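Right, one structure below, let's go through it.
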Amino acid sequence: MAALGTWAFSMPAVQKIRSLVEIGEHATDCVEEAMADIENDRETGQYIVGRGGYPNSAGLVQCDAALMEGAAGRFGAVAALHGVGTPLRVARRVMDRSDHSLLVGDGGVAFACEQGFTVEDNDSMLTPQATAAYQEFLEKKKHIKGHDTLGLIVLDLQGNITVGVSTSGAPFKSPGRVGDSPLPGCGLYADNTVGAAAATGDGDKIMCHCPSFHAVQLMKQGLTPAAACQTVLCDIVRRIGTEKMFEMGLMAMNMKGEVGAASSVEFPYTFWTQGMETVDKCVQLPIS
Ligand code: GLY
């Protein structure tokens, strides 16, 4: 049993996952429940996730979310989804109850309606803080830096591994912009013979490198999660050059519950593995 989450604000999610896996819940249910708490919370929206996240340049909060199980072919995602406070729950319905893998924009919203989700108006997705930041963006073209995707990886008691990611994406992005998060191999990847990985950071750049797929393939060749993540980051730097390296954090877990990360920026992540008294936080320093 093990759980891993991106950034320090994943701490309550990893704590919740711990309590759920210890009573035998499936990894996918753990990811969905823990993610929903953060997505739906207005305060943690400031970390660019779900309700309370920053809107796009037209003022609309559009979210991306995805879920991948370790069993082959088990993937579901939504992108540029508006009006739903728990986008990862919709992504799970795409995986479980549709013929598709990824639904975007109004198509995703229509699917969410069919599945019984309440589609709220945009005002209920916004917070005063996000609205004020948007006004500043309109008036002064003041941008907000950051792409704080919440990524969660869970290995359950039965040995199932699931990875989920959720984000409201780049603040004030172009309407319809989709980042790395809902794209398999980019924002997330899982293989139950090996482990799973998730990325966070500048999704427009991350998606060019399929880092989550790459990290899992390196673990398949025998690398530890930390070495796999480090190798992926170094490979990207080697290809594009240090000066063009963008903001990216990558974390991974293998089927033994070992975890690791690498990053181009200071990257806190939280984790718990069987036998640990409490959920711990580790700060990954930028690659040099
Ligand atoms: N990594 C999240 C995004 O750029 O949308």
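Both ligands and their constituent atoms are indexed starting at 1 by order of listing. Treat the numbers as computed from the prediction; the structure is a model and nothing was measured.
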Task: Common cluster, Y189/V259, ILVMFWY with side-chain heavy-atom separation under 4.5 Å - done: yes
Open item on the list: Any nitrogen or oxygen of G179, side chain or backbone, less than 3.5 Å from one on ligand 1?
Closed with: no
Open item on the list: At under 4.0 Å between heavy atoms, is it the side chain or the backbone of R177 that contacts ligand 1, or both, or neither?
Closed with: side chain
Open item on the list: Does ligand 1 come near enough to G203 that some N or O of the ligand is less than 3.5 Å from an N or O of the residue?
Closed with: yes
- [ ] Enumerate the atoms of ligand 1 whose separation from the nearest heavy atom of G201 is less than 4.0 angstrom.
- [x] 1 (N), 2 (C), 3 (C), 4 (O)
TODO: Find out whether the Lys NZ or Arg CZ of K140 is both under 6.0 angstrom from the six-membered ring centre of F137 and within 45° of the ring's axis.
DONE: no
Task: Enumerated ligand 1 atoms positioned under 4.0 Å from heavy atoms of S181 - done: 1 (N), 2 (C)
Open item on the list: With heavy-atom distances below 4.0 Å as the criterion, list the atoms of ligand 1 near G169.
Closed with: 5 (O)
Task: Contact with ligand 1 for T149, non-hydrogen, under 4.0 angstrom - done: yes
Open item on the list: List ligand 1 atoms under 4.0 Å from D180, heavy atoms only on the residue side.
Closed with: 1 (N), 2 (C), 3 (C), 4 (O)
Task: Option passing side-chain hydrogen bond (donor to acceptor under 3.5 Å, both in side chains) with N56 (candidates H82, R177, Q62) - done: Q62
TODO: Give the cluster check for F246 versus V237: same hydrophobic cluster or not, with ILVMFWY residues linked at side-chain heavy-atom distances below 4.5 Å.
DONE: yes
Open item on the list: Please determine whether the number of non-hydrogen atoms from other residues, nucleotides or ligands lying under 6.0 Å from atom CD of E43 exceeds 12.
Closed with: no
Task: Candidate list V163, N160, V31, I161, test side chain to side chain contact (heavy atoms under 4.5 Å, CB included), partner V154, passing option - done: V31
